[in-house]
Amino acid sequence: MKTKQIIKKARGFTQPYRVEKGRHFRLKDIDPGDTMGFGDEARPQAQELLARGIPLLAELQDRLYAHNQWGLLLIFQAMDAAGKDGAIKHVMSGVNPQGCRVSSFKTPTPAELDHDYLWRCAQALPARGQIGIFNRSYYEDVLVVRVHPELLARQKIPPALVTKHIWKERFEDIRAFERYLGRNGVVVCKFFLHVSKQEQKRRFLERINNPEKNWKFSANDAAEREHWNDYQQAYEDMIRHTATPEAPWHVVPADNKWFTRVVVAAAIIETLAALDLKYPEVGRTKLKELAAAKAALVK
Ligand code: AMP
Ligand code: MG
């Protein structure tokens, strides 16, 4: 498969799940179990794309790095056990660690709570030439914090500023922040791994029953499951208000891990390919330098 073919195929995989204008978006229109009609017999074909896509991703990252102008920010959000960690691990397995950094955002520390909610994420933004991966992000501040209002109270915001408009205001600020990043050359690409409640249950039970997976399970995960519907609503509202052409959401069916990984890889390939990065050409002075260095080395 040639590069152009891979990129074309990649587009086919992301198109149904890419949300650029969220206004009328409905979560229930995307089936977590969807595999685009790839039954088990067609699965190797999809996986072949992943196998070819990973080296291509590495090459695209190398060009991004060589250019040192654009940065890429990948944001991953999902319910517990939807496969964020696995998707990040598999999809980025081929990329040069020097050009890539993963940041995980957990319950905020006291120092983090002493700042605005974008603060900790702003410090982890990718430099030019780099890929930054956010495993959770400032979007938690319109998700878990919205589902649990007591967390909002802990954020120490002056009470006069906390009104019923707070979520709308946060969406507006997030859109503005991402537009700002885009205008500075940081391309933002967002993923919501959309898992079903049933599949989450199956994965939780696997984590409980398999000693090697016990570490992945926390009692809090089960407690959060009780708020399933509130979370789904918060996710839907978040996508409606923050999906834009410059920072689209990809709502990726997540009940089949192999399919999730293909779609995520495809979206990253598509995003990087759209930058049309060639290796930088060097000027005449540099060419002279190279010639002189070569002559010296050969002698
Ligand atoms: P995990 O990613 O499974 O290690 O869990 C991290 C936990 O931190 C999740 O339960 C998140 O909901 C929580 N978390 C992340 N960001 C925030 C935030 N801004 N406020 C409260 N909880 C958060
Ligand atoms: Mg967890």
Side-chain angles (χ1 to χ4, degrees), residues 17-27 30 70-79 82 84 88 101-109 112-127 130-149 151-158 160-194 230-252 264 267-268 271:
Y17 311 117
R18 195 175 162 95
V19 187
E20 296 191 345
K21 281 191 196 128
R23 193 131 48 105
H24 303 293
F25 174 77
R26 288 186 312 185
L27 207 45
I30 293 179
W70 296 96
L72 176 63
L73 174 61
L74 305 172
I75 296 182
F76 288 85
Q77 287 292 156
M79 297 296 285
K84 276 186 284 110
I88 293 169
R101 175 157 74 130
V102 184
S103 309
S104 299
F105 296 98
K106 314 251 175 196
T107 310
T109 63
E112 287 168 350
L113 285 172
D114 266 343
H115 292 82
D116 63 278
Y117 68 89
L118 288 176
W119 180 76
R120 61 177 181 165
C121 296
Q123 294 178 80
L125 288 171
Q130 300 272 328
I131 300 180
I133 299 175
F134 283 3
N135 186 343
R136 305 186 190 272
S137 65
Y138 43 85
Y139 281 104
E140 291 292 327
D141 293 277
V142 293
L143 293 165
V144 67
V145 178
R146 191 174 187 182
V147 171
H148 297 283
L151 294 177
L152 183 63
R154 278 179 44 202
Q155 293 194 337
K156 297 201 249 180
I157 302 164
L161 301 180
V162 182
T163 70
K164 65 176 197 296
H165 304 299
I166 188 152
W167 309 116
K168 225 178 125 214
E169 288 166 357
R170 287 192 171 190
F171 292 141
E172 197 181 300
D173 294 336
I174 288 172
R175 282 199 307 271
F177 179 63
E178 291 177 350
R179 192 181 57 205
Y180 160 83
L181 291 177
R183 286 174 173 168
N184 278 277
V186 179
V187 178
V188 182
C189 183
K190 303 177 291 200
F191 297 95
F192 168 51
L193 307 191
H194 184 28
D230 293 341
Y231 270 108
Q232 298 296 302
Q233 251 177 31
Y235 270 110
E236 184 174 81
D237 209 37
M238 168 194 86
I239 293 164
R240 283 188 179 181
H241 287 92
T242 58
T244 62
E246 60 275 9
W249 276 104
H250 298 81
V251 182
V252 187
V264 169
I268 305 171
T271 305

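Since we're looking at a predicted model, the values are computed, not measured. Residue numbers start at 1 and run along the sequence shown. We use all heavy atoms of the structure for the numbers below, so side chains are in, but hydrogens, waters and symmetry mates are not.
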Quiz prompt | Residues in side-chain contact (heavy atoms from CB on, under 4.5 Å) contact with H24, at least two apart in sequence or another chain | solution = none
Practice problem: Kindly indicate whether the side chain of F191, heavy atoms from C-beta on, has any atom under 4.5 Å from the side chain of I268. | Solution: yes
Quiz item: Between atom CG of L73 and atom CG of L181, what is the distance when rounded to the nearest 0.5 Å?
Solution: 7.0 Å
Quiz prompt | Qualifying salt bridge (charged side-chain N to carboxylate O under 4.0 Å, His left out) pairs, either residue in residues 235-247, two or more places apart | solution = R146-D237, E236-R240
Self-check item: Partner of L72 under side chain to side chain contact (heavy atoms under 4.5 Å, CB included), chosen from V188, T271, I133, V186
Solution: T271
Quiz item: What's the spacing between W249 CH2 and T242 OG1 if we round to 0.5 Å?
Solution: 5.5 Å
Quiz item: How would you list, by chain and number, every residue that makes a side-chain contact (heavy atoms from CB on, under 4.5 Å) with H148, sequence neighbours excluded?
Solution: V144, E150, L151, E224, H227, Y231
Self-check item: Contact summary for S137 and C121, nearest pair of heavy atoms
Solution: C-SG, 4.0 Å
Quiz item: For the residue pair H194 and V251, what are the closest heavy atoms and their distance?
Solution: CB-CG1, 4.0 Å
Quiz item: For P248 and E20, which heavy atoms make the closest approach, and how far apart are they?
Solution: CB-CG, 4.0 Å
Quiz item: Taking the side chain from Y139 and the backbone from Y235, do they hold a donor-acceptor pair closer than 3.5 Å?
Solution: no
Quiz prompt | Any side-chain heavy-atom pair of K106 and E140 under 4.5 Å | solution = no
Quiz prompt | Heavy-atom side-chain proximity of H241 to V142 below 4.5 angstrom | solution = no
Practice problem: Return the minimal non-hydrogen interatomic distance between W167 and D141, and the atom names on each side. | Solution: CZ3-O, 3.2 Å
Self-check item: Check: I30 and F25 side chains under 4.5 Å, non-hydrogen atoms
Solution: yes
Quiz prompt | Nearest-0.5 Å distance, CZ of residue R101 to CG of residue L125 | solution = 9.0 Å
Quiz item: Is H250 reaching over with its side chain to a backbone N or O of A267, donor-acceptor style, under 3.5 angstrom?
Solution: no
Quiz item: With side chains defined as the heavy atoms from C-beta onward, is the minimum distance between F192 and V19 less than 4.5 Å?
Solution: no
Quiz item: Do any pairs count as a salt bridge (charged side-chain N to carboxylate O under 4.0 Å, His left out) and have a residue in residues 174-185, sequence neighbours left out, and if so which ones?
Solution: E178-K190
Self-check item: side-chain contact (heavy atoms from CB on, under 4.5 Å) partners for L118, two or more places apart
Solution: D116, Y138, F177
Exercise. Would you mind reporting whether I174 and Y117 have side-chain heavy atoms less than 4.5 Å apart?
Key: yes
Quiz prompt | Side chains of K84 and Q77 in contact at under 4.5 Å (non-hydrogen atoms) | solution = no
Quiz item: Taking atom CD1 of I131 and atom CH2 of W70, what is their separation to the nearest 0.5 Å?
Solution: 14.5 Å
Practice problem: Nearest 0.5 Å please: distance from the CD atom of Q123 over to the CD atom of E112. | Solution: 8.0 Å
Exercise. Kindly compute the distance separating OG1 (T109) from CG (D114), expressed to the nearest 0.5 Å.
Key: 8.5 Å
Quiz prompt | Partners passing side-chain contact (heavy atoms from CB on, under 4.5 Å) against Q130 (at least two apart in sequence or in another chain) | solution = Y65, P126, A127
Practice problem: Before giving the answer on side chain to side chain contact (heavy atoms under 4.5 Å, CB included), spell out for I157 and L152 the whole-Å C-alpha distance, their side-chain angles and the decisive distance to 0.1 Å. | Solution: CA-CA 8 Å; I157 302 164; L152 183 63; 4.1 Å; yes
Self-check item: Side-chain heavy atoms of Q155 within contact of L113, under 4.5 Å
Solution: yes
